[in-house]
Amino acid sequence: MNETLERWSSRRAFILAVTGAAVGLGNIWRFPYMTGENGGAVFLLLYVAFVVLLGLPVMMAEILIGRAGRRSPMHSLAHLAQQAKVTPHWRWLGAFGALTVFLILSFYSVVSGWSIEFLVEAVNGDFVGLGPAEIGANFDAFLADPLRMTFNHTLFMILTMSVVAAGVANGLEKLNNLMMPLLYVLLVVLVIHAAFTDGFAPALTWLFRPDMSALSVGVVINALGHAFFTLAVGACALMAYGAYMPDHQSLPRAAGAVAILDVAVALLAGIAIFSVVFAQGMDPGEGPGLMFVTLPIAFAELPWGSLWLGLFFLLLLLATWTSSINLAEPMVATLQGFGLRRSRATAIVALGVWLAGMLSVLSFSTMAEVHWLAGMNFFELVTTVPTDVFLPIGGLLIAIFAAWVLPRDTALRALDAGPNGFRAWRALVRFVSIPLTLIVLLSGLI
Ligand code: PHE
């Protein structure tokens, strides 16, 4: 496979694309319920520490490989391994990444379908006058209805794949330009509203005052997995975007900007959601339904609540859309690297992911009690193992390849941060990120 000539049109476009990949369900849906289930501030503290010490340096490693290879992840790895005169088996890391994004995208599409449902319900005014209990019951009724869920899941796959089929660097830029700023504005409005409610103070305590007794190995592992997930790192998905990165752009600066934007969304969403949780006396450990129950309650208290709620779910949908496009890209690029036309590659990926997603759809009704591993049904399995195990393993291998295997000059050029920046980055990856990820992964095994 030859080098790709496709490029993002500017440095800003690249940062927006990576932010679009990073900001999504991870920040607004997964972060709050994971924080709720994992003891609050302890989880937040660990997650931020992991973002700085592992997520960010490994993100740079991953994009760097794509930029140096300028091919699909699998083909970039094979090409660079050959240049470095090491075993071509490194290309299997690209295949492992493709498996990871396959599994993630399968549930991602289903949950994004929930936002389509809520968008429609909000615009219809279905939430008007409902109390917290009724809003919860409404969500449960939706989950128990596989037909409605299938419809939304299918619609979301079509949305995603129509952009992917067109080639991401063209399709995505305009979408990102509009959506990202609006999303921040709306989250800030929600937080300002929250500041005037009784739940605000306990929410801040829950999020920012660590209770060390909540600390456990499980919490550490969940925080590690979440740091990778939220930054979109460890599945070679950003590697695919790195292939289109413009020449002459400092990678650490771009990655740093993305991480700040990403964590900001999680914090804003967390404050807004936990303010409702505490104002309503709900359980923070409510699980994956947390956002879908709390936000309709929060918006119901605002003037023109349904309108705001509809707008919020529209923005969430756009945010998950840009993430799912990134999730699909490495699979499509890889098939393309094997000579398939882009449209055909997209169709194959779409069909496979849709089928796997159906197992998640059914996990809320017919297959709720079908346990695949350790008592987990398919949805529970696919929302934990790929994130908490596959992403860190992928990230570890990516870090090893970039910081130990790649020839110094290749890596130096692709990082584009000068010799000192390069030395600092490589030392951080070699002596902090790699050992730390290994320790956490091994402690999980034991
Ligand atoms: N970062 C995305 C989110 O937070 C999910 C994602 C994970 C995207 C892995 C790409 C790769 O929603």
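Fair warning: this is a prediction, and the values are worked out from it, not measured in the lab. Note that ligands are numbered from 1 as they come in the structure, with each ligand's atoms numbered from 1 the same way.
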Under a 4.0 Å threshold between the charged nitrogen and the carboxylate oxygen, would R148 count as salt-bridged to E121? yes

Candidates F156, Y108, F151, F292 - the one meeting ring-ring contact (aromatic ring centres under 6.0 Å, His included) with W114: F292

Which of these, D388, L46, T384, V389, sits in a side-chain contact (heavy atoms from CB on, under 4.5 Å) with I221? D388

Given that the side chain starts at C-beta and the backbone is N, CA, C, O, which of these parts of A232 lies under 4.0 Å from ligand 1, counting heavy atoms, or is it both or neither? both

Subset of ligand 1 atoms that lie under 4.0 Å from at least one heavy atom of L25: 12 (O)

Are any of the side-chain heavy atoms of F313 and L309 separated by less than 4.5 Å? yes

Please state which part of F228 comes within less than 4.0 Å of ligand 1, counting heavy atoms only: side chain, backbone, both or neither. neither

Between H153 and T150: side-chain donor-acceptor atoms closer than 3.5 Å: no

Could you list the atoms of ligand 1 found under 4.0 angstrom from a heavy atom of T230? 1 (N), 4 (O)

Is there a donor in the side chain of H75 and an acceptor in the side chain of R91, or the other way round, less than 3.5 Å apart? no

Indicate yes or no: does an N/O atom of A21 lie under 3.5 Å from an N/O atom of ligand 1? yes

Short list, please: which atoms of ligand 1 are under 4.0 Å from a heavy atom of Y108? 2 (C), 3 (C), 5 (C), 12 (O)

How close does the nearest protein non-hydrogen atom get to atom 3 (C) of ligand 1, and which residue and atom is it? A22 O, 3.2 Å

Any nitrogen or oxygen of L327 lying under 3.5 Å from a nitrogen or oxygen in ligand 1? Just yes or no. no

Could you find the nearest protein heavy atom to atom 1 (N) of ligand 1 and give me its residue, atom name and distance? F229 O, 2.7 Å

Would a 4.5 Å heavy-atom cut-off, applied to side chains only, mark M149 and V110 as touching? yes

One finds that the ligand 1 atoms under 4.0 Å from a non-hydrogen atom of G26 are 3 (C), 4 (O), 12 (O)

N326 heavy atoms, cut-off 4.0 Å: which ligand 1 atoms fall inside? 10 (C)

Among F102, F96, F228, whose ring-ring contact (aromatic ring centres under 6.0 Å, His included) with F390 holds? F96

Aromatic ring proximity, centroids under 6.0 angstrom, F31 and Y47: yes

Output yes when the distance from some N or O of ligand 1 to some N or O of L231 is under 3.5 Å, and no in every other case. no

Taking 4.0 angstrom as the limit and counting only heavy atoms of N27, give me the atoms of ligand 1 inside it, by number and element. 4 (O)

